[in-house]
Amino acid sequence: MPVMSYIQAVTKALQEEMQRDENVFVLGEDVGKRGGVFRATDGLYDEFGEERVIDTPLAESAIAGVGIGAAMYGKRPVAEMQFADFIMPAVNQIISEAAKMRYRSNNDWSAPMTIRAPYGGGVHGALYHSQSVESVFANQPGLKIVMPSTPYDVKGLLKAAIRDDDPVLFFEHKRAYRLIKGEVPEDDYTLPIGKADVKREGSDVTVITYGLCVNFALQAAEKLAEEGIDAHILDLRTVYPLDQEAIIEAAKKTGKVLLVTEDNKEGSIIGQVSAIIAENCLFDLDAPVQRLAGPDVPSMPYAPTMEKYFMMNPDKVEQAMRDLAEF
Amino acid sequence: MAENRHQSLGLSDEQVLDMYRTMLMARKIDERMWLLNRSGKIPFVISCQGQEAAQVGASFALDREKDYVAPYYRDMGVVLAFGMTAQDLMLSGFAKAEDPNSGGRQMPGHFGQKKNRILSGSSPVTTQVPHAVGVALASKMEKKDIVSLVTLGEGSSNQGDFHEGLNFAGVHKLPVITMVENNKYAISVPQEKQIASKNVSDRAVGYGMPGFTVDGNDPLAVYEAVKAAADRARNGEGPTLIETVSYRLTPHSSDDDDRTYREREEVEEAKKKDSLITFKKYLQDAGVLTEDKEKEMEEELTKIINDATDYAENAPYAEPESALKYVYAENE
């Protein structure tokens, strides 16, 4: 099975879907001739031409809104926001329009489009190239938010997002793009949106997280295994709507739950995960649910000292897991 | 006999009578909705009154069998011309389950009907502009002969989506017509406090497309402008911006009181130019609308609207729990 990077899996999924269905097209800033500032759409312009790999004007609301219109017509647009931080001008289109299209028209119209955006820090990106924006969208019924952790999941979930009949936000961790490599089957497969995935079976402490942090938790778990601490790791994969069943099952498995996100702590996805556990698992818990997250400051600063202080890493996760195991 | 303008535009007597009938239908449904609102039967009305000529003139200039429209909340004339019925609109007014726009989920004026290619709309203004551009992009990608028309008010032409959408359409030379129905007021704020340029159509030059200002009380002038724009679009010559100037004859909505911000004399003056009066006179002078035909039309429309009102009033509401349906596709 070929080994590829996280970003190569993005490109592969786009290429395969464009080959499979001529309604699939890509639009965004610099996605055409340049192949994207991160090179996620590398080669697609040469293979599919400028009509299906569209370099748009620099205007995010139009990228989302034009995509919605094309989706209403029957196309399958895949829009790229150059950075998740720059999705803000498109929020009205995403929340007022895409999310509500099916509901407000009583199932007459729909907006089946995928919006990809690189999120996350640790790349010297400072305040506006480092943010996690999922919680902005994670109370908007009608949207689905997918945040994969591995190249295998990237390919299967991005293909599923493109085929989904509703709008999907697909957030890719930009530091994972070249850092994370893994085996990816060459065949055509999809993975279910809305389903979490157990990435490691264990019995002492449960970690529930998503995106790049899954990799940090897996690294920490390997170290802790040497100390005799056996971690159970659940990758949410879809952060909205959440897979409640899998969360409850994972929490009950060990009775000690650590929730990890790179996002600011207050109002983040893991607060909702915590609420699900509180409602369903009170008598199965052996310790208070713990949240490990970024600090509640506006965003990640540029200077390496402050960036490192903000950013999640395997050591922080390892320490929090050890503390909880010893509770 | 007066000058026959419609024949020189290629319109038959039958077609201009149909235009007038559609305008009159919109006006009469609107008036009925105000009565229903003031008698406590429906919670909200937002009017088309004063803009019927622009709405119907533009719609008749399109191919209503294949073109798409992205209307805004005043466009009763557009949706009627595109196949929505008086009953459909009354069902929306009463928020009943059978309302084809939204099944009673949205306020009246939030049009949408897939079978007639009427894109679903929302309340934040101008979001429909990029949608119409997206339809035009899809049409161009598929090398189809389809044009989209998007409408909005002059106040809405200040929103980012107007500028982002028009620029996208201009860059990619897309078959989309943007029609700004300038009714002089955005709720209470007059045009001169909304727009720095003399005309809304002046904005077209920035987006590499022609812009025209036409008399929004004259359905034939609007027809002519939109027809030319549609021909250009189908020839691959790209988008057009059209501004139709008329006047909002009612308050902004049933919850507004326009006496607080504009003089009655101004409204009375505008009513003299009401297209329902001026176009009727044109048709009479041209010998197209006879007294008999007018009487017949009035009676026919009154019956249709009475029947639609009765039907909608007696139709059932959606089941309470149906509020949970259609958040996502339900074939999963």
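Lettering of chains follows the sequences in order, A, B, ..., and the numbering in each one begins at 1.
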Spatial distance of atom [atom1] ([X]) from atom [atom2] ([Y]) [nearest 0.5 Å]:
X: A:N106; Y: B:Q106; atom1: CG; atom2: CD; value: 10.5 Å
X: B:H163; Y: A:S61; atom1: NE2; atom2: OG; value: 12.0 Å
X: B:Y328; Y: A:I193; atom1: OH; atom2: CD1; value: 10.5 Å
X: B:Q128; Y: A:I68; atom1: CD; atom2: CD1; value: 12.0 Å
X: A:T56; Y: B:H172; atom1: OG1; atom2: NE2; value: 6.5 Å

Check: Among B:S102, B:S123, B:S120, which residue meets the side chain to side chain donor-acceptor pair (under 3.5 Å) test with A:R104?
Finding: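 Result: among B:S102, B:S123, B:S120, B:S120 is the only option passing the side chain to side chain donor-acceptor pair (under 3.5 Å) with A:R104.
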With distance as the sole test, does [X] use its side chain to make a donor-acceptor pair with the main-chain N or O of [Y] at under 3.5 Å?
X: A:W109; Y: B:I118; value: yes
X: A:D166; Y: B:A329; value: yes
X: A:N107; Y: B:Y326; value: no

Has [X] got more than 12 heavy atoms of other residues, nucleotides or ligands less than 6.0 Å from its [atom1]?
X: A:Q15; atom1: CD; answer: yes
X: A:Y189; atom1: OH; answer: yes
X: A:Q19; atom1: CD; answer: yes
X: A:K195; atom1: NZ; answer: no
X: A:K12; atom1: NZ; answer: no

Does any part of the side chain of [Y], heavy atoms only, come nearer than 4.5 Å to the side chain of [X], both counted from C-beta?
X: A:K100; Y: B:S122; answer: no
X: A:N23; Y: B:E142; answer: yes
X: A:R52; Y: B:M141; answer: yes
X: A:Y73; Y: B:K144; answer: yes
X: B:D161; Y: A:Q93; answer: yes

Checklist line | chain B interface, residue from A:E97, A:M72, A:M101 that has the most non-hydrogen pairs under 4.5 Å | finding: A:E97
Residue among [options] with most heavy-atom pairs under 4.5 Å to chain A:
options: B:A318, B:A70, B:A323; result: B:A323
options: B:V135, B:I146, B:N167, B:V171; result: B:V135
options: B:D99, B:T127, B:L174; result: B:T127

Report which part of [X] has an atom under 4.5 Å of a heavy atom belonging to chain B: side chain, backbone, both, or neither.
X: A:E51; answer: both
X: A:E22; answer: neither
X: A:L58; answer: neither
X: A:S105; answer: both

Checklist line | chain A contact via B:L119 - which portion, at a heavy-atom distance below 4.5 Å | finding: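 It is both, since atoms from each part get that close.
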